[in-house]
Amino acid sequence: MNTTTISEKFKELYGGQGTMYTSPGRINLIGEHTDYNGGFVLPGAIDKAMYCEIKPNGTNEVHAYALDLKEASTFGLGENDIPREQWAKYIYGVCREMIKRGADVKGFDCVFAGDVPLGAGMSSSAALESCFGFALNDQFNLGFDRFELAKIGQATEHNYVGVMCGIMDQFASCFGKEGSLIRLDCRSLEYEYVPFSPEGYRLVLINTMVAHELASSAYNKRRLSCEAVAAAMRKRHPEVELLRDATMDMLHEVANEVSAEDYIRAEFVIEEIQRLLDACEALSKGDYETVGKKMYETHIGLSRKYEVSCPELDYLNDMARQCGVTGSRVMGGGFGGCTINLVKNELYDEFLEKATTGYEKEFGIKPKVYDVVIKDGARKL
Ligand code: GLA
């Protein structure tokens, strides 16, 4: 993205110049809804990001301008100063979470913009949190490491946005590395970079352009289902802290103690944690056909068991299967957004042509296509 317009607006609004920071959105190859269950994920930061120019202003007030929305917000840094604008809550939340951790955050002026599509499952909100987290940490010399910055972003979602998300998105945005996916253990936060440039294949996202209005409450409900099942198992198996610790046998044991809905959600999660491990094993052997098969299995699970898909996503997934695409599935939280597709080079053009024209005919919406480019995480520009 060209950041000149951000700098011009900064100069116009506040005079002078600030410092520019950026933090990216993410993809996730496999391992969905496993993060808040203490499982594994396999995300990577992408070439779509949030950018902010920022400068301390010597007061206790924040002046923020969202260039894409052409909207300004001014707010203080106290616990009762929560701004009205939804987008400003992310910036305010990051400040508050830092202050709660003892940091001396002061007022600042800022302008931000980005090219991470909103509601597309590419984590625009985590990109925004990480961008401001990284920027404030640097500007006020706060000394938080990247682990803490990721947790600050996640706590912002929990406490100021109301989404009880896991750590995957913020972690990917903070720790991304060009050309590599991150195999992250969401419980211990141990991670490993997995170089990813599958020869003969391309990774492409297709955006349905639909976003479910109740996505965040439906998301929180999924999390509660998982916690309820883990709690039921804990009565017999005190070592079960999260579904990460669960086995299918343990699930069968509690079948009569949990609701049918909670049961099937937990079944998906236990399977998905294993699927990720299998996919990683296949990846290490360069066996992309198996990785692709696992992606399809994830889609079926997310659609039928976890119920976070929608007709538009299922349509794109069916198209991929019909065209012989190696792997395809809904990516991210679900309820709209993108499918991620692992496509052989020779099938790429034909698949995209068929999927996009077919989709437009079926739903009357033009889907957007993004080639995945895996890039670095949060940084100063
Ligand atoms: C959203 C959340 C993540 C994760 C995914 C599903 O992106 O923010 O923490 O739970 O959904 O894998």
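Counting starts at 1 for both ligands and their atoms, in listed order. Hydrogens, waters and symmetry mates are skipped; everything else that's a heavy atom, side chains included, is used.
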task = Return the residue, atom name and 0.1 Å-rounded distance of the protein heavy atom closest to atom 8 (O) of ligand 1.
result =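 Scanning the protein heavy atoms, the shortest distance from atom 8 (O) of ligand 1 goes to Asp169 OD2, 2.6 Å.
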request  = Identify, for atom 9 (O) of ligand 1, the protein heavy atom at the shortest distance, and state residue, atom and that distance.
outcome  =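 Nearest protein contact, heavy atoms only, for atom 9 (O) of ligand 1 is Asp35 OD2, 2.5 Å.
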query = In Å and rounded to the nearest 0.5 Å, what is the CG to SG distance from Leu136 to Cys131?
reply =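 One finds 9.5 Å between CG of Leu136 and SG of Cys131.
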message = So, taking the atom named CE in Met295 and the one named CG in Asn317, what distance separates them when rounded to the nearest 0.5 Å?
response =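 Met295 atom CE to Asn317 atom CG measures 9.5 Å (nearest 0.5 Å).
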ask   = Between Glu53 and Thr19, is there a donor-acceptor pair closer than 3.5 Å when you use the side chain of the first and the backbone of the second?
value =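 Judged by distance alone, no pair lies under 3.5 Å.
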message = Could you check whether Arg183 makes a cation-pi contact with Phe40, meaning its NZ or CZ is under 6.0 Å from the centre of the six-membered ring and within 45° of the ring axis?
response =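 Yes; both conditions hold, so Arg183 lies above the ring face of Phe40.
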message = Can you confirm if the NZ or CZ of Lys48 lies within 45° of the ring axis of Tyr370 and under 6.0 Å from the centre of its six-membered ring?
response =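 Judged by the rule, Lys48 and Tyr370 form no cation-pi pair.
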Atoms of ligand 1 close to [X] [distance to a heavy atom under 4.0 angstrom, numbered from 1]:
X: Gly166; answer: 9 (O)
X: Arg26; answer: 7 (O)
X: Cys165; answer: 2 (C), 8 (O), 9 (O)
X: Tyr36; answer: 10 (O)
X: Met168; answer: 4 (C), 5 (C), 12 (O)

task = Look at the rings of Phe132 and Phe108 and say which category their plane angle falls in: under 30° parallel, 30 to 60° tilted, over 60° perpendicular.
result =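 Tilted: the ring planes of Phe132 and Phe108 meet at 30° to 60°.
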inquiry  = Check this for me - ligand 1, Tyr219, N or O atoms closer than 3.5 angstrom, yes or no?
reply    =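 N/O-N/O distance below 3.5 Å exists for this pair.
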ask   = So is Thr34 polar-close to ligand 1, meaning N/O to N/O under 3.5 Å?
value =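 Between Thr34 and ligand 1, no N or O pair is found under 3.5 Å apart.
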query = Tell me the salt bridge (Lys or Arg N to Asp or Glu O under 4.0 Å) pairs involving residues 108-129, sequence neighbours left out?
reply =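 Sorted pair list comes back empty.
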